[in-house]
Amino acid sequence: MELKIKSKITAKELWNFLLHHTYSSIWGFTGILISICALLAFVQMCISGGSVFTRIFLLVTALLFLAVQPMRLYLQAQKLVLNDKGYMEPIEFFFHSDGITLTQNEDNVFYAWNMIRKVISTKKIIAIYADNKRVFKIARRDMADSFEEFREIIHTYAVHAVVKLK
C-alpha cells in the first residue's frame, strides 16, 4: 500500500489549524471560559452601574481569547506562509510500508512509522505529529480523492500513534 500526495498550505488553512491547536487544549478551553465569564460580568456591570475601570478591565479580559487571540493567530499564519521555507513550496508526502518520506525541492526526510505520535484532522488540515516537536500538515483539499486510502494506511502502519481522523 503506497500513496503520494503533494500539498501546499495556505494562510487560511494554517490559521484554521492554529485555532484548532490552541483552543482544543485545556488551556484554550479555560481561556474561552474566562473570557465568557468576563463578558457576562461586563454586561452585569453595565446594567448595575459598576465603575468605569472595572468595566474596561472586564471588557479587555473578555476580548483576550475571543478576539485578540484569533487575530494574533491569523497574523502568525500570514507571517509563517510568507517567511517560512516550509510553507513557500509544496511538500510531497510518500506514504509506504516503511514510513513517510517528505520531499521539498531537493530536501528529503524519512520518518519511520514508530516515530509518528499522532495523526489528527481538522476541517481544512490533516496533521501528522512526529517526534516531539515536528508537525507536518497536509491540506484536505489536496487529499480529496485519496482520504480513505490515507486513513487505511495510517490505521495499518501507524499502530503506536493516536489517530483522530474524521
Side-chain angles (χ1 to χ4, degrees), residues 5-91 93 100 102 104 107 109 111 114-144 147-148 150-151 154-155 158-166:
I5 298 167
K6 197 170 196 171
S7 183
K8 185 172 189 282
I9 303 296
T10 65
K12 187 174 181 180
E13 291 164 337
L14 183 57
W15 180 54
N16 178 271
F17 173 75
L18 291 173
L19 283 172
H20 177 272
H21 187 74
T22 301
Y23 288 117
S24 64
S25 70
I26 188 70
W27 297 111
F29 177 75
T30 303
I32 289 175
L33 191 61
I34 289 169
S35 288
I36 290 172
C37 289
L39 186 62
L40 293 173
F42 169 75
V43 170
Q44 178 63 32
M45 285 290 176
C46 288
I47 293 170
S48 66
S51 74
V52 172
F53 176 76
T54 303
R55 285 188 270 173
I56 291 173
F57 175 76
L58 289 171
L59 183 61
V60 168
T61 303
L63 292 176
L64 277 177
F65 283 95
L66 300 177
V68 174
Q69 182 76 342
M71 284 190 302
R72 187 188 70 77
L73 292 174
Y74 179 77
L75 294 173
Q76 181 181 356
Q78 292 286 336
K79 184 178 177 184
L80 280 171
V81 168
L82 292 174
N83 299 324
D84 190 324
K85 281 184 4 182
Y87 295 105
M88 289 180 184
E89 298 289 329
I91 299 175
F93 296 84
I100 305 169
L102 289 81
Q104 186 177 38
D107 298 329
V109 66
Y111 287 90
N114 63 355
M115 297 171 77
I116 305 302
R117 302 283 175 242
K118 183 166 63 167
V119 181
I120 65 164
S121 64
T122 68
K123 197 164 71 172
K124 296 184 184 277
I125 294 282
I126 294 168
I128 301 167
Y129 293 77
D131 297 318
N132 289 331
K133 295 188 179 188
R134 301 230 186 252
V135 182
F136 306 107
K137 294 169 266 315
I138 303 170
R140 280 191 85 125
R141 65 179 155 67
D142 294 332
M143 192 185 279
F147 182 75
E148 288 305 318
F150 170 78
R151 181 194 305 255
I154 294 299
H155 284 296
V159 293
H160 299 296
V162 175
V163 179
K164 296 179 182 176
L165 295 173
K166 38 183 169 167

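We count residues from 1, following the sequence as given.
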**Q** Do Met115 and Asp131 have side chains that approach each other closer than 4.5 Å (heavy atoms only, starting at C-beta)?
**A** yes
**Q** How long is the straight-line distance from CZ of Arg151 back to OG of Ser121, given to the nearest 0.5 Å?
**A** 7.5 Å
**Q** Return yes when atom OH of Tyr23 has more than 12 non-hydrogen atoms of other residues, nucleotides or ligands closer than 6.0 Å, and no otherwise.
**A** yes
**Q** I need the Ile36 CD1 to Thr61 OG1 distance, nearest 0.5 Å.
**A** 13.5 Å
**Q** Once you round to the nearest 0.5 Å, how far does CD1 of Ile116 lie from CD1 of Ile154?
**A** 7.0 Å
**Q** Roughly how far apart are Ile91 CD1 and Gln104 CD, rounded to 0.5 Å?
**A** 4.5 Å
**Q** Does this structure show an ion pair linking Glu13 with Lys137, if we count only N-O contacts that are shorter than 4.0 Å?
**A** no
**Q** How about Phe29: does its CZ atom have over 12 heavy atoms from other parts shown lying under 6.0 Å from it?
**A** no
**Q** Please report the closest heavy-atom contact between Val135 and Ala127, naming both atoms and the distance.
**A** CG1-CB, 3.9 Å
**Q** To the nearest 0.5 Å, what is the distance between CD1 on Ile138 and CZ on Arg140?
**A** 11.0 Å
**Q** Look at the side chain of Trp15 and the backbone N and O of Gln78, then say whether any donor-acceptor pair between them is shorter than 3.5 Å.
**A** no
**Q** Flag yes if more than 12 heavy atoms outside His160 fall under 6.0 Å of its NE2 atom; otherwise flag no.
**A** no
**Q** Less than 4.5 Å apart, any side-chain heavy atom of Met71 and any of Leu75?
**A** no
**Q** Is it the case that more than 12 heavy atoms not belonging to Arg134 sit under 6.0 Å from its CZ atom?
**A** no
**Q** Less than 4.5 Å apart, any side-chain heavy atom of Leu165 and any of Phe147?
**A** yes
**Q** Find the distance between CG (Leu102) and CD1 (Ile128) and round it off to the nearest 0.5 Å.
**A** 7.5 Å
**Q** Counting N and O atoms only, with roles assigned by atom type, does the side chain of Ser25 sit under 3.5 Å from a partner on the main chain of Thr22, one being a donor and the other an acceptor?
**A** yes
**Q** Using the side chain to side chain contact (heavy atoms under 4.5 Å, CB included) definition, which of the options Leu14, Thr10, Leu82 pairs with Tyr87?
**A** Leu14
**Q** Taking all non-hydrogen atoms of both residues into account, name the closest pair between Ala139 and Ser7 and its distance.
**A** N-OG, 2.9 Å
**Q** Is there side-chain contact between Val119 and Phe150, with heavy atoms separated by less than 4.5 Å?
**A** yes
**Q** Between Phe136 and Tyr111, how do the two ring planes meet: parallel, tilted or perpendicular, split at 30° and 60°?
**A** tilted
**Q** For Phe17 and His20, take the angle between the two ring planes, folded into 0 to 90°, and tell me which bin it lands in: parallel under 30, tilted 30 to 60, perpendicular over 60.
**A** parallel
